[in-house]
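For the numbers below, each heavy atom of this structure counts, side chains included, while hydrogens, waters and symmetry mates do not. This one's a predicted model, so the numbers in the text were calculated from it and none came from an experiment.
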Amino acid sequence: MLRHSASHSISELLSNTGFKFQENLLRTMIQIENTFFQLGDSCTRNCLIICDRGAMDASAFISKDKWELLMASNGWNSVELRDNRYNQIIHMVSAANGAEEFYSTEEHACRSEGVELARELDYKAAAAWVGHPYFDVIDNSQDFETKICRMIECVCQKLGIDTGDRLRASSRKVKFLVKDPLPPDSEFPPFQDFDVVHNYLQSNNPKMQARLRKRGQKGHWSYIHTIRRPKMCGQVIEVKTQLTHRDYLNMLAQRDDSHFTIFKRRRCFLINNQYFQLDIYREPAHPRCRGLMLLETYTALSGDELKNILPQFLTIEKEVTGNPDYSMFNLSLREEWNNTNKYCHNLHDYALAGLGESGSTEIKNICSSSTKKKISGVDHYRVNGIDKVVNGVQNGVHDVTNSNVTFVERNSKIKNNSQESNSSTTILNDDSKNKRV
């Protein structure tokens with residue numbers, strides 16, 4: 001820990017030489033992280049690396065122009081620093097936002113901000129991570145003990161640790177059809193846009209789906225391989241593995257030609273501590289995808305409470321959660337739905353099939369075509385009730401718990417990033433057998 005006891009305060013220092021200060025701070029942070037990551041790589045057991053902050057935090061304290069200059073002068077880019085370096089971001093919302101009665105500067109030597117400034121800095125710190133594929137926000141809608149449990153559950157879900165009912169919340173993924181036209185950018189809060197490309201892969205197993213995802217900004221990309229397969233006892237297993245560019249190209253050769261490649265623009269934004277992803281489908285695509293826009297978030301709310309958190313500047317046509325017509329697997333099919341046996345009504349129905357009276361397993365022919373890709377040499381971990389790639393936090397962003405999906409991750413590392421003023425961010429990075437939080 002480095003303490004500054006000179007006559008000039010850090011705020012004065014930042015006002016004069018903020019750019020160089022943030023650049024040197026970020027270089028130091030990256031070097032320290034790399035040291036621990038290398039130690040983790042050499043460890044013979046699985047290990048968890050927890051970081052108090054993350055590389056993108058610096059962008060909250062300098063202008064956008066200076067941030068881009070800082071990255072360019074050091075050969076960095078946002079996709080590497082935000083998306084590829086960390087697997088998951090957990091932002092713990094400051095008490096200054098939603099629990100003001102508990103926010104105080106008394107007996108806090110490192111805290112000098114009033115409530116308004118703390119709230120503003122908290123928002124900037126969260127906004128710095130908008131666009132990360134697995135960004136979770138834990139707000140102050142419940143008491144502190146529950147808030148901590150939600151954070152622990154989120155980390156456990158990413159690690160593949162089954163917490164049972166002890167930490168379970170009721171959040172789930174919800175999906176909405178958005179009507180054209182898309183509002184102008186000026187009506188959105190600060191957002192991040194990404195180019196996303198999905199390809200489904202071939203498989204001999206009709207009970208599985210496998211796909212590749214390529215996601216990036218300004219020519220910098222991250223790559224994910226996903227397998228979804230049904231299990232008994234009402235759960236679906238989802239396996240996600242981060243890939244190198246070479247692995248991605250090799251696996252792309254197994255593309256399933258019965259599916260179109262899906263092209264999207266994904267817009268990520270944060271409103272009132274609620275994280276949203278808006279997928280805007282792009283050409284070339286099947287006519288059914290033309291003009292299609294789908295909004296997703298994770299929440300425990302329902303009814304009017306759910307409607308009230310939705311972005312007011314978007315025209316929501318209807319909720320389509322669980323509607324197979326809006327499943328990306330079905331949307332990407334080349335054949336018309338009424339002329340194909342590959343339409344997947346519900347992968348989860350496999351998980352509900354159970355055992356017949358004779359004791360043998362009875363599986364309905366619900367999903368006639370999907371895919372699987374074997375990835376060897378990695379243990380499988382299970383988490384009850386996760387409906388995401390580990391977007392998990394109740395009331396905040398990507399929380400899932402009762403969504404009947406089990407998340408499985410292989411080859412990962414994890415990190416955690418805390419934020420000032422009672423807020424923090426957990427960060428997870430994918431690499432080898434270790435996990436960084």
Side-chain angles (χ1 to χ4, degrees), residues 47-54 57 86-111 113 115 118-119 121-123 125-126 128-129 132 134-172 270 272-275 297-301 381 383-388 390-403 407 409 412-429 435-437:
C47 63
L48 177 67
I49 302 172
I50 301 176
C51 303
D52 186 53
R53 276 194 171 275
D57 285 329
Y86 309 106
N87 275 11
Q88 184 184 19
I89 310 299
I90 302 177
H91 179 77
M92 304 284 285
V93 175
S94 170
N97 186 358
E100 291 82 358
E101 63 273 24
F102 297 101
Y103 183 86
S104 173
T105 58
E106 296 179 8
E107 300 180 358
H108 287 276
C110 297
R111 180 190 292 172
E113 303 89 355
V115 170
R119 189 181 293 130
L121 293 176
D122 180 74
Y123 178 81
W129 295 97
H132 191 283
Y134 315 127
F135 176 36
D136 306 299
V137 176
I138 304 181
D139 64 11
N140 295 301
S141 59
Q142 296 171 291
D143 61 33
F144 185 73
E145 187 74 21
T146 304
K147 182 179 181 180
I148 296 302
C149 286
R150 286 158 54 197
M151 181 272 293
I152 296 172
E153 180 190 27
C154 187
V155 176
C156 288
Q157 288 176 351
K158 187 63 176 175
L159 291 171
I161 298 173
D162 186 351
T163 60
D165 294 332
R166 183 181 175 203
L167 301 173
R168 185 168 298 177
S170 58
S171 288
R172 70 210 186 279
L270 187 69
N272 297 325
N273 298 326
Q274 192 73 28
Y275 188 62
T297 190
Y298 286 84
T299 181
L301 302 177
Y381 302 89
V383 183
N384 287 333
I386 302 182
D387 173 6
K388 51 184 178 185
V390 168
N391 297 336
V393 185
Q394 182 194 28
N395 294 326
V397 185
H398 299 330
D399 187 2
V400 201
T401 21
N402 296 330
S403 304
F407 175 79
E409 173 158 357
S412 27
K413 295 180 177 176
I414 306 179
K415 308 172 188 165
N416 169 340
N417 166 27
S418 255
Q419 198 225 318
E420 296 177 44
S421 307
N422 278 355
S423 46
S424 62
T425 312
T426 300
I427 306 177
L428 308 164
N429 179 22
K435 301 198 181 274
R436 308 171 184 169
V437 180

Practice task
Check whether any side-chain heavy atom of V93 lies under 4.5 Å from a side-chain heavy atom of I138, and answer yes or no.
Solution key: no

Handout entry: Heavy-atom side-chain proximity of H91 to W129 below 4.5 angstrom
Key = no

Problem - Euclidean distance, Q157 CD relative to I152 CD1, rounded to 0.5 Å - result: 12.0 Å

Handout entry: Any side-chain heavy-atom pair of E113 and Y103 under 4.5 Å
Key = yes

Practice task
Identify the heavy atoms of D122 and S94 that sit nearest to each other, and give their distance.
Solution key: OD1-N, 3.0 Å

Practice task
Kindly indicate whether the side chain of C154, heavy atoms from C-beta on, has any atom under 4.5 Å from the side chain of Q88.
Solution key: yes

Practice task
Decide yes or no for Q274 and D139: does some side-chain heavy atom of the first lie under 4.5 Å from some side-chain heavy atom of the second?
Solution key: no

Practice task
Indicate yes or no: at least one non-hydrogen side-chain atom of M92 is less than 4.5 angstrom from one of I148.
Solution key: yes

Fill in the blank from the handout: Heavy-atom closest pair (N97 atom, N140 atom, distance to 0.1 Å) is O-ND2, 2.9 Å

Handout entry: Lys/Arg N to Asp/Glu carboxylate O, D136 vs R150, below 4.0 Å
Key = no

Exercise for the section: Examine distances only and state if a side-chain atom of D57 and a backbone atom of G54 form a donor-acceptor pair shorter than 3.5 Å. Expected result: yes

Practice task
Return each pair, listed once, that meets salt bridge (charged side-chain N to carboxylate O under 4.0 Å, His left out) where at least one residue sits in residues 88-103; pairs must be two or more places apart or across chains.
Solution key: E100-R119

Problem - Test item: K147 and M151 side chains (from C-beta on) under 4.5 Å apart, heavy atoms - result: no

